[in-house]
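Scroll down for the structure; my scribbles are underneath it.
Residue numbers begin at 1 in each chain, while the letters A, B, ... track the order of the sequences. Hydrogens, waters and symmetry mates are skipped; everything else that's a heavy atom, side chains included, is used.
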Amino acid sequence: MSTITATIPAADIERRSAVVAAVRDASAVAQRNLIAYRRVPQLLVFSTIQPVVFVLMFRYVFGGAISVPGFSYVDFLMPGIFIQTVVFGAMGTAVGLATDVKSGLLERFRALPMARSAVLAGRTLADLCRNVFVVLLMTAIGFAVGFRVHTGPLGLLGALLLLLLFGYTMSWVFALLGLAVGDPETAQAAAFPVVAPLVFASSAFVPVNTMPGWMQVFANHQPVSITTSAARALVLGGDTASLVLQSIGWCAGILLVFAPLAVWRYRRAV
Amino acid sequence: MTDGAVSRAVRADAAVVAEGLRKRFKDTVALKGVDLRVEWGTIFALLGPNGAGKTTAIRILTTILSPDGGRAQVAGFDVVSEPAEVRYRIGLAGQAAAVDANLTGRENLRLIGRLAQLPGRLVAPRAVELLERFGLQDAADRPVRTYSGGMRRRLDVAAALVQRPPILFLDEPTTGLDPQSRNDLWTTIRELVAQGTSVVLTTQYLEEADRLAGRVAVVDRGLVIAEGTPAELKSRMGSTVIELGLGDEERAIRSVELLSRLDRAQPERDASMVRLTSHDGPRLLAEVLRALDAEGLAPVTISVREPSLDDVFLALTGHHAEGAIEAADTRPTQAAS
C-alpha cells in the first residue's frame, strides 16, 4: 500500500454501526418525505378527498342498489373504503420515488455514506405515517355516515393495523415500479392499471358473488379481497382467525418478493 | 486530530487513479478505456462535448455506477470493492441540481449532513456556514422550488461540501449559471483547493478548464485523446483563432493558397471562411491583412477570439466536437433566470 502523503481537510464524520446508521438514515429520509406532505398539502388533500368522495358516493348513491346479506351496506362498505385508501395511497410511493430518480436526488444519495436501505425504508415509512393519518380520518368519516363496529374497539384496532400492514406491503410493490419507470407521470399512469383490478375486482365494494364466475375465482383469492374480508370479520364478527392469517401470509409473501427486488433496483438505478 | 479524522485517513499518493475504465450501456459504449490520475490538492478537468463520457466517468468514480472493466481508486480505495470507504471521502454535485424542491435550503443541507454521517451537533451549524458562504442566508428558510436556477445550483454545490470532503466531484458545475455566479463559483473552488481539497470537474468550456484546472484531460467518444496542463494543450494549436470571411469559396481558396506561403500561418478553409491559429495573433493578423489586401482579397468579416473546445477538437482530432459548437454559442443566453 502506498504511503500517506496527503493532508486532508479536518474530518468530522461519525462512524456508526450498520444498524444504527440504517435506523438514523431511514428516519432522516422519512422526515424529509413527511415535510413534503406538510409543505405541499395538496398531496395529502387529494389522497384524502378521493376516498371521502367514494364514501359519499357508495353510501348515498350506489348503496341503495347494492344489497349485502346480514349487514347494513355502510358497515360492509367501510372496510372496503379503508383498503382502497391504503392501496391507492401506495401509488404515492411510486410517484415519490420516481420524482427522486428524475430530479437526480437518488444519484446524490447513492454517492453518500448512508445506509443503502434508507431511501426505500424512509419512503415507505413516511407513506405508512401518511396512511395512519388518512385511515384515522376515514374512520371518523365512516362513523359520521353511520358506520358501526359490531365487535369492539380491539376488533377495530386489529382491522386498522392489518390494513396499514397491507398498505405498507403495497408500498414496496410500488417502490419497485417507481424506481423502474423513473418519471412521476409515468409512474402514476403505470400504477393505476395495477391498482384498479385489485381494488375493484374484489370484495371491497360489492359482494363477490354478484360477479361473473371466472372473475369470482380471481376476486375470491386475491390479496385485496382476503384482507378486506379479514378486516370486515374483525369489525363485524365471524370467522376471523383464518382470514387474518391468510392476509398476513399474503403480506409476508409480497414483501419477501418485492422488498429485495426494490432494493436491487435501487442499487442499480441512475 | 480527532477520531473522525483518523477514520477518514487516505492511503494513496494520488486522489484519483483510474486505469482502463470501460463502460457500455445497451446501445452505446460510454467509456472505451480511460486512464486518469489526479494529484492531491489539484483541480483536474475532464473537457469534452456532450456524450463524450465525462458524466459516466464521474458516476463510476463516485460509486454510482460499476465499470464493466478497468479499475479505479479514489483516496486509495477501490470504487468497486470498497465503495463505502470512497463515499466517506467524496462530495458530489451532479449535473442536475439534485436538491429537494419541497424542502428549504436549510433543510436540504441538514438532510445531506445527517446522511453524510456528520455528528448531530455539527449538522445545523454546518448548514448555516454553507448558506452564508454561498450567499443563500436570506433564502435559507424558503422552499427550494422558489429559488432561481443559479440559487439551486449554488445550493447543490453547497450540499456537496457538507461533509468537507477531501475529494470533490463537480459535473458541469457552471452550466446554466450567469457570468457573475460562475465567477463566484470559480473563486469558491479555488478557495477549497487552497485549503487542501482535490477537485475533479467536467466542463464543455475550454475557458473554464483553462482558468481553473491544473491539468486537463480532453475526452472524446469514451477516450482521453489528450492530457496535460492547459498551457500544453493550447500550445498545440495556438492561443488565438482568426477567422476571415472571404465572401465566396473561390476567393477563400485563393486566400488559402496565398496565406500558405506566409511564414507560421497554417490556414484551413471551411466554405468561404478561412481560419488561422497562432501564438502571436495580432502580428499574424496584420501580416495576413496586408497580404490579402495586396491581392485584392480583403475579407468581408474578421473575428479574432480565444480557441474554443471545438478548436481544440479540430486541432487534436480533425473533427468537430459534436454538440460543442451549439453549447458554446448558447452559453451567454443560458444565464439563469
Side-chain angles (χ1 to χ4, degrees), chain A residues 1-18 20-43 96 99-116 118-119 122 184 266-270, chain B residues 1-15 40-41 59 62-66 75-76 84 87-103 107 111-112 114-120 122 126 143 156 159-160 163-167 169 192 195-198:
Chain A
M1 203 55 61
S2 329
T3 48
I4 298 171
T5 56
T7 50
I8 60 171
D12 39 28
I13 295 299
E14 251 173 46
R15 295 279 180 151
R16 302 181 168 110
S17 76
V20 173
V23 173
R24 286 180 61 108
D25 296 350
S27 85
V29 173
Q31 274 179 38
R32 167 232 159 191
N33 289 325
L34 288 172
I35 288 176
Y37 283 119
R38 208 176 63 213
R39 204 148 288 152
V40 194
Q42 50 272 38
L43 288 175
T99 306
D100 290 348
V101 173
K102 200 178 183 187
S103 73
L105 204 59
L106 284 201
E107 188 163 324
R108 158 158 277 153
F109 286 161
R110 292 176 60 206
L112 283 173
M114 60 188 278
R116 300 287 95 183
V119 167
Y266 170 73
R267 283 167 173 269
R268 58 184 291 271
V270 174
Chain B
M1 292 275 259
T2 64
D3 289 345
V6 172
S7 74
R8 271 213 303 193
V10 294
R11 56 172 202 215
D13 52 2
W40 285 111
R59 283 179 171 160
T62 54
T63 76
I64 291 169
L65 274 182
S66 297
R87 290 179 197 129
Y88 278 114
R89 293 163 177 82
I90 59 169
L92 165 69
Q95 233 175 71
V99 285
D100 187 329
N102 291 322
L103 301 190
E107 286 165 346
L111 173 69
I112 301 299
R114 289 171 72 182
L115 297 177
Q117 314 302 324
L118 285 190
L122 285 184
R126 185 63 52 80
D156 187 51
Q163 51 165 325
R164 292 190 178 153
I167 306 171
F169 291 89
L192 289 166
Q195 292 157 15
T197 307
S198 312

Minimum-distance pair of heavy atoms, taken over all atoms of [X] and [Y]:
X      : Y      : result
B:R114 : A:S27  : NH2-OG, 3.8 Å
A:A28  : B:L111 : O-CD1, 3.6 Å
A:L112 : B:A116 : CD2-CB, 4.1 Å
B:L92  : A:A111 : CD2-CB, 3.8 Å
B:A98  : A:L105 : O-CD1, 3.2 Å
A:R32  : B:L103 : CG-CD1, 3.7 Å

Partners passing salt bridge (charged side-chain N to carboxylate O under 4.0 Å, His left out) against B:D156 (at least two apart in sequence or in another chain) | A:R108, B:R153
Under a 4.5 Å heavy-atom cut-off, does chain A meet the side chain of B:A15, its backbone, both or neither?
-> neither
Region of B:A101 in contact with chain A, defined by heavy-atom distances below 4.5 Å = neither
Using atom types as modelled and distance alone, determine if a side-chain donor or acceptor of B:Q117 lies under 3.5 Å from a backbone N or O of A:P113.
-> yes
CG on B:D100 to CG on A:N33, rounded to 0.5 Å = 7.5 Å
What's the spacing between B:N102 CG and A:R39 CZ if we round to 0.5 Å?
-> 8.0 Å
Sequence neighbours excluded, which residues qualify as side chain to side chain donor-acceptor pair (under 3.5 Å) partners of B:T63?
-> B:R87
